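Labels below follow one simple rule: chain letters A, B, ... track the order of the sequence lines, proteins then strands, and each chain is numbered from 1. Just so it is clear, the model here is predicted, and its values are computed rather than measured.
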Amino acid sequence: MAFKPSDPVLKIGFIGMLAGKYQNYGIDAKNGAQLAVDQMNAAGGVQNQGTTYTFQLDPVDDNADATQGAQSAQKLVDDGVVAVIGGIFSTATIAESKIFNDNGITQISPSATNPKYTAQGFKTAFRVIGNDVAQGHTDAEFAVKTLGCKNVAILDDKSTYGQGLADSVNDAIPGAGGKIVAREHLDATASDFTAQLTTIKGKHPDVIFYGGYSAQAGPLTSQARKLGIKVPFVMGDGCEDSDYTKLAGTDAEGAFASNGGPAQNLMTGFAEFNTKFKAKYSVDVFQYAPQAFDAANIIMNAVKTAGATKAAVLGAVAATKDYKGLVQSYTFDSKGDITTSIFTVYKVESGNFKAVKAVTIGG
Amino acid sequence: MTAEAATILELKQVRKEFGGLVAVDDVDVAVREGEIFSLIGPNGAGKTTVFNLITGLDVPTSGTITFAGRAIAGLKPHVLAQLGIARTFQNIRLFGNMSVLGNVLVGRHSRLHAAYWKAVVRTPDERAEEKDAREKAREYLEFVGLRRRHGDLANNLPYGLQRRLEIARALASEPRLLLLDEPAAGTNPQEKAALGDLIRSIRDRGVTLFLIEHDMKVVMGISDRVTVLDHGEKIAEGVPEDVRKDRRVIEAYLGTGA
Amino acid sequence: MQRCLDLLTSGLTPEGILQQLINGVTLGSVYALIALGYSMVYGVLELINFAHGDVFMIGTFVVLGVTGQFGLTGTSSLALVIPVLLLAMIAAMALCAVLGFTIEKVAYRPLRRAPRLAPLISAIGVSFFLEAWIATYVSSRDHTLPNLLAGDIPLYADVTIRYVQVLMLVSSVVMMVGLQQLVRRTSLGRGMRAVAQDREAAELMGVNMDRVISFTFIIGSALAGVAAVLWMLNYSTNQTIGFIAGLKAFTAAVIGGIGNIPGAMLGGFLLGLAESLGAAYISNASCGIFSSAYEDVFAFAFLILMLVFRPSGIMRERVSQRA
């Protein structure tokens, strides 16, 4: 048999929760990345200095948990991936980032928004979504200026993500001209939030900001309405999903939630993307599949321009400038954040989140 | 009592070993219906083990136990209670935190027919049975002379009365055979005399009595027949007068002679 | 210092405190119902039935299933809501009872003569099994009921008690009184107390121990089924809710003196109050050093203090005390 060198197949890691409470986010993003890889392979892969590279996605589960995340990150290192997409949630993503940094592996998170992720001085940590400082700014401005609510009550679930976003909102409220009348916390494992809500009710806020996930935000909203609290809820991207509208039911009506990136209907090429996505996975895009799709393409593009070593990929990703993705145009700053972040505020109307306002920060 | 009285309880070649240690060594015992039968022997002679085997707390290593014509070795204690075997304990085992009446009502358990689910929903027949059980329980308390203490906690009774309460509790199950494990232990002379009267009056109600004692005086006064056990082995059997004169009994048990 | 004084008094209105008391007592009533199951089993078997919280969790899913079957929404008429809720309660009680009965028979009974650690490990195993089973075959997501029985009764100023809270209080008190009557006045109750005090003596008196133990599990689990309905009227569920709610209820049982039925009720109410008042006023009381984030820290600090200084509970162990 004649010897014919096969084309090298490069492994790209994916890390996120793939089974469990928040598996929707992880599976959705994994599918987005997989779609990018499949499309690239179908188009013949990428060529660099005469070598043709094709790609293979290597997905691992981090259970949205720091300990499991570190272990799964190590597995990706051992598997020899050139770069990684993920994690999905901030707590796990931050834990993973240290392992990838130690091994010089590029990590692009499609969704982790906690500022700390890119503030650790790791050269390998990137994200294709605006961070919580920018989002907190967006939410504060929206609540105070757009909704005209001066007195703000802030609640969070003490998670890295939820409390981080709530702190950002907390810091941005005075600048927007508002006043914080209550700052409460709840336990992510608790079910009864009436104590905190009763305290908040006594402070007569015009709006309540909640930093956390829909699993608590849904029941929280219902319990607030049952207590006779009628003011609107403003929340972050952890609540902008169908879980929230399902859990809160009719109580969800009129709630606001911001999310990174433009609204799906304002994203050029989204309809086509969703058609292909649905044809392959039989479900609609849930949340971060477009960002994960872009992250995968940024990585594969880096291989095309710089080659297949980890260092080459890292250098090329860091140098990304005005890369036109599905969601937006990306340029990374020195920390690994994007220079221009787009946020969209959604409102629940007839049981679904509908985009009501687009905000661009930076750029 | 006649010589032809039927045997109600029979132990044949009953043996019990605990990890190689022989507690009961191939013992034969036959208790006749309507008699007061006593098993005596020094401490450690295996007497309580015999009771445990009869009441289902232990299973014999070998041999057969027959009660009212039925092999009973290995049956569960609550089934044996239902068949008509009741007992008291050498170290009083009352339900100390329940009332005196409550203790007797527990003794009544095996004569209640209403299923437990009926107690949950409190059906009329269960209520009627409960009312009847309370009346019966008061009668047994009257019989042992405890009627006026029915509301006290069992723990608060003096020792001698606790012994009587144990008897009332056992009687509440309407047994055919009542096993009394050292009923005189720890009681004073007056109480001992009263106990003898009580035991006889229980016999007069048609209950067969099987006593374990090491106090010879109590046993000899009231028993119809006596068996002497030593180190798990039967060494004598017969009416009290004969046993008292038996040479092996005097040597093994009475030592210097009583 | 001035800031501290301001904090101490800010938000401390009589209305606020009264409302928090109402909230705490209703939350506590659910803890109490679950706590009874722990306490009864401990009283009779001296076993901490760690799977009990998960029996409750299964109950919440039964409630979801039944109400979902009838398509209840927040606007359904009372003529539909009340029968469906009753049906959900009966279904949850029945299923929980069957489950509790089966768990005892399969996981605990074969180990009754084993060292005490063995059934405890078996209990944890059953707990994991039930959680994994729900996550795999039913759902690993959060679920709520629509807002049923909306509306409230004004009490004083703007303090209100909601219909659901009234229902929670009334049903749990009725259940507890019923249980107390059962334990004090029926043959089953006497059997339970007798087995608790001296298992062998009880058997020798004709008490069918196996059946008494089965019924202890059946009744405790059925009460968890009632708790599941009340819980779902207010809160949400997922496959892990049994662990948290179970831990709280277990704490309530310990506070009240595990094995003691009135104690379990009292413990439930106390824990509910501690949580509500804690979450609402920790910040004030500590001059802002602690925030409401410390809610659970205080609830469990309470448990540790109880275990250290009063291990037999407020009411002293009664049911299981040996004679």
Looking at [options], which one has more heavy-atom pairs under 4.5 Å with chain C than the rest?
| options | result |
| --- | --- |
| L57(B), L80(B), V120(B) | L57(B) |
| R87(B), Q82(B), R108(B) | R87(B) |
| A119(B), A86(B), G107(B) | A119(B) |

Is there side-chain contact between [X] and [Y], with at least one heavy-atom pair below 4.5 Å?
| X | Y | result |
| --- | --- | --- |
| Y116(B) | S187(C) | yes |
| M209(C) | H78(B) | no |
| R122(B) | Q181(C) | no |

Inter-residue atom distance [X].[atom1] - [Y].[atom2], 0.5 Å rounding:
| X | Y | atom1 | atom2 | value |
| --- | --- | --- | --- | --- |
| R185(C) | R127(B) | CZ | CZ | 11.0 Å |
| L188(C) | L112(B) | CG | CG | 11.5 Å |
| Q197(C) | N103(B) | CD | CG | 7.5 Å |
| N97(B) | D198(C) | CG | CG | 12.0 Å |
| L204(C) | R169(B) | CG | CZ | 8.5 Å |

Checking the side chain of E203(C) only, and the main-chain atoms of K76(B) only, is there a donor and an acceptor separated by less than 3.5 Å? no
Closest non-hydrogen atoms of F89(B) and M205(C), given as atom of the first, atom of the second and distance, are CE1-CE, 4.0 Å
S110(B) and G206(C) have their tightest heavy-atom pair at CB-CA, 4.0 Å
Would one find more than 12 heavy atoms of other residues, nucleotides or ligands at under 6.0 Å from atom CZ of R211(C)? no
Can you list the steps and then say if M98(B) with R190(C) is a side chain to side chain contact (heavy atoms under 4.5 Å, CB included)? CA-CA 9 Å; M98(B) 286 168 78; R190(C) 277 192 304 274; 4.0 Å; yes
If you count heavy-atom pairs under 4.5 Å between each of I219(C), L179(C), V207(C) and chain B, which one has the most? V207(C)
Given a strict heavy-atom distance threshold of 4.5 Å, which part of L182(C) is in contact with chain B: side chain, backbone, both, or neither? side chain
Checking E129(B) against chain C: side chain, backbone, both or neither under 4.5 Å from a heavy atom? neither
Which bit of R111(B) comes within less than 4.5 Å of chain C, counting heavy atoms only: side chain, backbone, both or neither? neither
